[in-house]
Amino acid sequence: MIVIDSEFREIIVKRLLITLLTVICGAGIAHADLTNLGAYEKTSAVLTTGFYWAQGDDYSARAGEYVSQDKSGSGSLLVKGGDDGTHFIIDGNYLNANDFKFDAHIDSNHALRLDLRIERMIHNLDHLVYDPTDPEGRTSPTTTGTTGAQDQVRYSDSNIGDDYSLKALTGEAKVRVKIPDMPAHVSISYWQFQKEGDEQFRFVDEGCSTQCHMQSRTREFDRTTHEIKGGVNAHLGKFDLNLIHTYREFVTDDPVPVYFFNNHSRFRPGAGDFQHDADPESHMYETTLQAHSSLAGGVNLAGSATLGSRKNDTKVTGASPIQAEIDYFKLAADVTHTTSDRFSYNFKTRYLSLDNDNNNQIDPFIFDGVGGLDPDPTLLSVRPSIDLDRAQYELNSSLKVSKKLTLKGNLKVEQIKRTETGPAMPFSSSGFTNDLVWELPEEEVIVTAKASFFARPFATPRSRFNGWYKYKYTDDPAYGTSSSDSHQIFLAATYADSAAWGANASVSALLEKNDEFEHTVIVDDTTTPISRAQNPLERTREQETVNLGIWFTPVEQFFTSFNYGYNRTYIEQDLMFGMNPNDDPLTPLDFTAGLTGSYIITDRAVPYLQEVHNFNYNFSRQFSPLLKAKLDLSYTRSLGYYDPDFATINFDYNFGAGNGDASSDGLKEISRYDIDQYGARIGVDIYPMENLEVAFDYSYDDYRDKYTNAYDGSVQTGMATIALRF
Amino acid sequence: MIVGRLDADYIGNEACLEKCHTYGHDKLYKDFQASVHASQVDVDSGLPLVNCESCHGPASLAVKGVSDNGEPCKNETLLNLDQLPKMAQSLICLKCHSAASTPVLQFWNASPHATSEVSCFDCHNLHKGPQQKVSREEVAELCYNCHLNIKNEFNNFSHHPVPEGKVSCVDCHNPHGSANDKQLLGATVKATCTKCHMEYQGPFVYEHADVTENCTNCHKAHGAPNEPLLQVNQPFLCLQCHAGHHGSNSDRGTLSNLDMKRAFYTRCTDCHSAIHGTDIPSTHGRGSFIAR
């Protein structure tokens, strides 16, 4: 009888497995869990091979937004090694041609550090339903006026059924070299980010006095950013210096879109091929100088200055000239004084200057050689872009009341200055009167005060409570979304028993209002000065978040956790539907809902509600040295809608040629959403012997919207892998 | 006191390990030896020496009486790093990093983390492995320990692929501090976002004013229930600043029937397709309707 001892049996099994791995290696590699390679006694590696499978059902772009649905062999390689101050890591993971990652890191005695990375991912994009023959599509609205029945808006999808996705490829190389015998380094890096794929291109041919043609087409794109960065940093005794220079360039390999636009009676006398919706190429130079004093001293100083310029390098030839450039300058300075082990304070200042230049006239070429307009506006004047200056001053203080309690105070003042601002200018349908200025505040001051606490009542570093209250005031809010007064509170608690369980929770609430925003209506542009009226529009916003998490380790090798997140946003805002006033300047404008002859409807306190609930449960258990299982379940519910409600009003349209009732009926229903997303992941890891793992993983994701089936769908993935450690 | 017991003496790495070899220090030592800190142990490097006692304090009292037969190390005589105040924990590292060039710490002292009871130890584990910091893919889980609300934002329907491991927190933020609010990496909010979303960076002849200043006027950076990462859904997003269409020159206006409402009061960007800015004048109005 032949007796095979256990050691020899292990060798045989290992050789058989290596043979098996070699045979199926062509099938690919997938990720394994043998990533903890332990001490660097010698170079060690984990090689994984396997198969990845994915399947999407119905409309799967939303259920699996970042899921690659290409079945493939896959694999991974993890190699670590090093000794005596040198170490390296090579980490590669290949799922398929659209999803892979490779990292290499080498550090040689701190004298040379090299990092290489290449990574590709896929982002599945939406194809919104435009096809008017589809039940979920859009029907062309038909109206009847004195000219007879006509379609005012026409939809077409030139590429029904096309799937859209973006593939992003990142490549990066970083080298850092320590200058011998000096605490100084030289760094050089190159970063490249390429986005290519195809997307749904939606735009309008706005022949709207007869018909607007809403288009959906497939657009291929190939966009790349290249960035080169070089720098030198050094510790020079009392100060450290760091100098960085960056050059970044954005290029596109896809042509500027061109479309045959129909003529428009007022604004485009001749039909023809015109460029539109271009992504301009650009380049940027930036230099930053940083300096700071000792990080461990009682007084620490830190400052930086950045000078940069970004320029538009568009390939558009359908209008000329096209000149746009931003020069920017940024200063930052911090002073931190630690007066004792109990009290410290810091003062921070930031200054940003953005100088925007653009051409002040442009020829769109659409009027060349075409008569009928008097005068023929072959040149359009262009509103100059805003120059922005922003200065921030911030004072922070921290007082350690006791070992268990720290209090903080913060005061911040921000001053914003804009150029090219002024009152709203009239819009003329028959000509091209330019907006000369931007209707934004020339100066804006924002003051923020914040009080915080940090407490460790249980005298254990794993447990703590913290919270803060913040008040913000703005004297002249710039936008309809800005606030004049804002109150915000945040509370969080973290508790962790040494090994058995832990929990964390946070709640926050925000209440803000803006009663300083006004919409300007031009009442009469023939008078001097121009007659304007201000429509005050108020806004309040509430936001609440609740986050809860709890975890247990009831027995060794058994971990389970539950997380819940809730986010609610509720806004009430005065909205305007229309902005053309009464043609009779003698009729006083009343900004209550609807005035005969005035095409402005103001709906006060229109509510908007948005809520998200998120639940997540996961479980991981090592049942035996041979078997481990894991489970992850998630559910997210998201809903949102706005609900305008103004009284139905009858209007004459088209200079009396038409008539109709304007109502808010249906506005809520056509833009609301109520989405359920489900996710489940199951995994089983089997360890038949030391240094060998067999794993099976399965995932399922589902997306459903209660109000439309157009984007409902699911995606499943599966993976089977074998991993071997050397 | 962050230098350790004054009545203890420094004994050197070999003495620490010789005494405690059987208690797993061997693995810690070998990991450390492969790290960048280990090169500091070489006297020839000319840099401040870093060894076990640089952080843990002089160990002569800890190893006194320890033998290979199993008597444990007297850890209570070493620096109790866990119990030190957070600022003191950071000083363990900064006392040496002040004498070396570490540009990533440029704005550390006044940073939100440093002033909010966060120390180097909360994120860096010098004994985890020779990298002594988490990988780009692992950063998010580390940040979620305190920023649980951000983790839940990533669970929204439209989100940056951080949970998928494709984007990392450190792609946008410098956790050690920066010259910008929220510890962002770029010179401005827009500069941070448009490093990757470069088709929106411009600069354009026709700008959309609030885009020039701040992408977060319309977008949420982490996740939102509105594609693509919008603060609120269209058309309400746009109606917050702009009046909606009434269509006084059309036959029955835009608010007279559901189909016209669907065209003008669902997705404004279906017509205003160049919403981030454009170089081509729109046909309507003043050329500035960013619809081409």
Side-chain angles (χ1 to χ4, degrees), chain A residues 39-40 66 82 85 87 109-110 121 141 143 145 153 183 202-204 225 233 235 242 250 267-268 276 279 290 294-296 300 314 319 322 324 326 330 332 334 336 346 358 364 380 385 435 454 461 480-481 547 565 575-580 599 608 614 638 640 642 653 658 660 662 666 670, chain B residues 27 30 34 36 38-39 82 94-95 98 100-101 103 106-107 109-110 117 130 148-149 152 155 157 161 164 166 179 187 198-199 203-205 207 210 225 233 236 239-241 243-244 246 248-249 251-253 255-256 258-260 262-263 265-266 270-271 273-274 279-281 283 286-287 292:
Chain A
Y40 277 48
Y66 297 106
H87 68 269
N109 288 303
H110 189 51
M121 60 163 276
T143 61
V153 180
R202 299 191 302 278
F203 63 95
V204 68
T225 295
N233 62 78
H235 172 70
N242 186 22
F250 169 55
F267 309 115
R268 190 169 50 239
H276 67 107
D279 299 320
Q290 297 177 330
S294 170
L295 298 167
N300 167 255
T314 186
I322 295 177
I326 297 179
K330 175 128 192 195
D334 295 351
T336 305
N346 67 67
N358 57 334
L380 304 179
S385 296
D435 273 329
F454 301 88
T481 54
N547 298 281
L575 303 182
M576 286 175 64
F577 297 84
M579 55 181 290
N580 295 343
Y599 296 99
Y608 176 89
N614 174 257
S638 318
Y642 85 125
Y653 293 101
I670 59 176
Chain B
K27 176 182 180 307
K30 283 184 165 58
V36 64
S39 65
D82 280 350
L94 295 178
K95 67 187 180 189
S98 295
S101 182
Q106 163 74 19
F107 290 106
N109 281 47
E117 298 286 300
L148 184 60
N149 54 328
N152 282 320
N155 289 326
F157 148 56
E164 290 82 0
K166 308 302 183 185
M198 53 286 209
E199 60 270 31
F204 299 100
V205 172
E207 293 277 356
D210 52 351
N233 203 18
F236 185 80
L239 292 174
Q240 292 174 118
C241 296
H246 195 146
S248 57
N249 295 332
D251 271 2
R252 289 207 292 181
L255 293 163
S256 57
L258 204 58
D259 292 328
M260 286 295 275
R262 210 186 296 274
Y265 285 98
T266 51
D270 283 355
C271 292
S273 46
D279 299 323
I280 301 171
T283 316
R286 306 173 281 276
R292 270 187 66 203

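Everything numeric in this text was worked out from a predicted model, so none of it was measured. Numbered from 1 within each chain, the chains take letters A, B, ... in sequence-line order.
With a threshold of 4.5 angstrom between heavy atoms, B:E117 approaches chain A through its backbone and through its side chain. For A:A296, the parts lying under 4.5 angstrom from a heavy atom of chain B are both the backbone and the side chain. Heavy atoms closer than 4.5 Å to chain B are found in both the backbone and the side chain of A:S294. Looking at A:N233, both its backbone and its side chain come within 4.5 Å of chain B, counting heavy atoms on both sides. Contacts between A:F454 and chain B at a heavy-atom distance below 4.5 Å involve the side chain alone, from C-beta outward.
The aromatic rings of B:Y265 and A:F577 lie tilted to each other, with the angle between the two planes from 30° to 60°.
Take B:Q106 and apply the side-chain contact (heavy atoms from CB on, under 4.5 Å) test, not counting sequence neighbours, and it matches A:Q290, A:H292, A:A302. For B:N152, the side-chain contact (heavy atoms from CB on, under 4.5 Å) partners two or more places apart in sequence, or in a different chain, are A:N547, A:N614, B:L148, B:N155.
When atom types are taken as modelled, the side chain of B:H246 and the backbone of A:Y599 share a donor-acceptor pair closer than 3.5 angstrom.
Using a 4.5 Å heavy-atom cutoff, the side chains of A:Y642 and B:N233 are not in contact. Contact annotation: the side chain of A:F203 never approaches that of B:R292 to less than 4.5 Å [non-hydrogen atoms, C-beta and beyond]. Side-chain contact check for A:V153 versus B:D259: every heavy-atom pair is 4.5 Å or farther apart.
Counting heavy-atom pairs under 4.5 Å between each of A:T314, A:I326, A:T225 and chain B puts A:T225 at the top. When each of B:N109, B:T266, B:I280, B:L258 is scored by its heavy-atom pairs under 4.5 Å with chain A, the top score falls to B:N109. Top candidate by heavy-atom pairs under 4.5 Å with chain A, chosen from B:C271, B:S273, B:P203, is B:P203. Heavy-atom pairs under 4.5 Å with chain B peak, among A:N358, A:N346, A:L295, at A:L295.
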